[in-house]
Amino acid sequence: MSKIYITNSIFISSDHAGYNLKNIIVEFLISKNVKVVDLGPNNKDSVDYPDYAKKLVKKISNSKYGILICGTGIGMSIMANRYKKVRAALVSSVKIAKLAREHNNSNILILGSRVTNKINALNIVNNFFKTKFLKGRHLKRIRKLKNV
Ligand code: RB5
């Protein structure tokens with residue numbers, strides 16, 4: 001696996017369904033010397049995904065990245081993408097992880113813990129954060145992503 005190029009801290013958060021996978025990803029990122037800020041939850045008690053998406057999104061700006069995890073990833077995606085600075089991508093494969101960065105300059109990776117296994121999730125995380133935005137024609141397109 002090549003090096004993750006992100007130098008800022010990566011923020012991470014989940015709901016109860018994503019709690020175990022969140023901890024696995026935190027350990028993985030730390031093992032790769034990436035700074036991680038875990039915004040919770042700190043146990044598996046039932047919580048509401050919009051609350052934890054909101055908590056993380058507030059930390060996101062240019063060159064600040066995040067990971068959100070819920071059961072399917074759908075609730076987190078809906079909530080995160082309501083915010084202007086966010087380009088959150090619900091990712092289920094390494095190919096999508098790379099394209100989400102190359103074409104969409106996605107700044108939040110979303111995973112569904114009930115539909116993605118651990119190995120796939122770690123490969124997705126690794127590839128998402130080591131892939132750079134291609135700019136060019138894609139820059140013009142993401143500039144058109146305005147609230148309607
Ligand atoms: C929680 O049971 C579940 O609804 C949540 O994790 C997520 O999948 C919602 O989109």
Side-chain angles (χ1 to χ4, degrees), residues 1 4-6 8-134 138 141-148:
M1 285 184 181
I4 289 177
Y5 76 89
I6 305 288
N8 283 331
S9 297
I10 295 174
F11 296 91
I12 188 165
S13 183
S14 72
D15 70 356
H16 52 284
Y19 176 75
N20 286 342
L21 183 58
K22 172 169 70 67
N23 291 343
I24 290 167
I25 291 172
V26 167
E27 264 184 45
F28 170 75
L29 289 172
I30 290 171
S31 78
K32 293 187 83 75
N33 293 317
V34 176
K35 287 170 268 170
V36 194
V37 180
D38 185 347
L39 299 173
N42 301 317
N43 58 56
K44 284 182 85 169
D45 293 351
S46 183
V47 292
D48 299 329
Y49 58 80
D51 297 336
Y52 282 87
K54 190 173 173 183
K55 208 171 168 184
L56 182 133
V57 158
K58 287 182 171 176
K59 307 280 186 192
I60 302 305
S61 61
N62 283 345
S63 74
K64 296 228 173 118
Y65 297 84
I67 303 172
L68 286 170
I69 311 158
C70 65
T72 58
I74 293 173
M76 288 294 195
S77 302
I78 293 170
M79 185 64 180
N81 279 312
R82 287 167 187 256
Y83 291 80
K84 272 186 191 163
K85 289 179 183 169
V86 169
R87 290 177 303 282
L90 173 52
V91 175
S92 55
S93 71
V94 166
K95 184 170 185 178
I96 299 172
K98 289 179 182 169
L99 288 169
R101 290 285 312 124
E102 287 177 348
H103 288 200
N104 310 108
N105 197 17
S106 177
N107 50 12
I108 299 185
L109 168 64
I110 307 210
L111 294 166
S113 60
R114 292 175 176 157
V115 292
T116 308
N117 69 39
K118 175 186 153 180
I119 301 292
N120 190 37
L122 294 182
N123 276 323
I124 287 170
V125 168
N126 190 55
N127 280 281
F128 186 91
F129 290 106
K130 76 177 191 191
T131 304
K132 292 189 178 175
F133 179 42
L134 290 179
H138 304 294
R141 290 168 187 163
I142 68 163
R143 283 185 176 143
K144 290 187 177 182
L145 295 171
K146 294 185 190 130
N147 279 2
V148 284

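Just so you know, residue 1 is the first one in the sequence shown, and it goes up from there. Atoms within each ligand, like the ligands themselves, are counted from 1 in listed order.
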Side-chain heavy atoms of R87 within contact of L145, under 4.5 Å: yes
Answer yes or no: is there a side-chain heavy-atom contact under 4.5 Å between S113 and S14? no
By number and element, which atoms of ligand 1 are closer than 4.0 Å to a non-hydrogen atom of H16? 1 (C), 2 (O)
Look at the rings of F129 and Y65 and say which category their plane angle falls in: under 30° parallel, 30 to 60° tilted, over 60° perpendicular. perpendicular
Quick one, I67 and I110 - any side-chain contact, counting heavy atoms below 4.5 Å? no
Applying a heavy-atom cut-off of 4.0 Å, say which part of T72 lies close to ligand 1: side chain, backbone, both or neither. both
Minimal non-hydrogen separation, I74 against L90, with atom names: CG1-CD2, 4.0 Å
Nearest protein heavy atom under 4.0 Å from atom 4 (O) of ligand 1, yes or no: no
Looking at NE2 of H103 and CG of L134, how far apart are the two atoms once the value is rounded to the nearest 0.5 Å? 5.5 Å
Contacting atoms of ligand 1, where contact means under 4.0 angstrom from a heavy atom of A17: 6 (O)
Per-atom contacts of ligand 1 with D15, taking only distances under 4.0 Å to non-hydrogen atoms: 1 (C), 5 (C), 6 (O)
Under a heavy-atom criterion of less than 4.0 Å, does M76 contact ligand 1? no
Could you list the atoms of ligand 1 found under 4.0 angstrom from a heavy atom of G75? 9 (C), 10 (O)
for atom 2 (O) of ligand 1, nearest protein heavy atom and its distance come out as R114 NH1, 3.3 Å
Among all protein heavy atoms, pick out the one at the shortest distance from atom 9 (C) of ligand 1; state its residue, atom name and that distance to 0.1 Å. Y49 CE2, 3.5 Å
Heavy-atom check, side chain of R114 versus side chain of T72, under 4.5 Å: no
Return yes or no for this condition: an N or O of G71 is under 3.5 Å from an N or O of ligand 1. yes
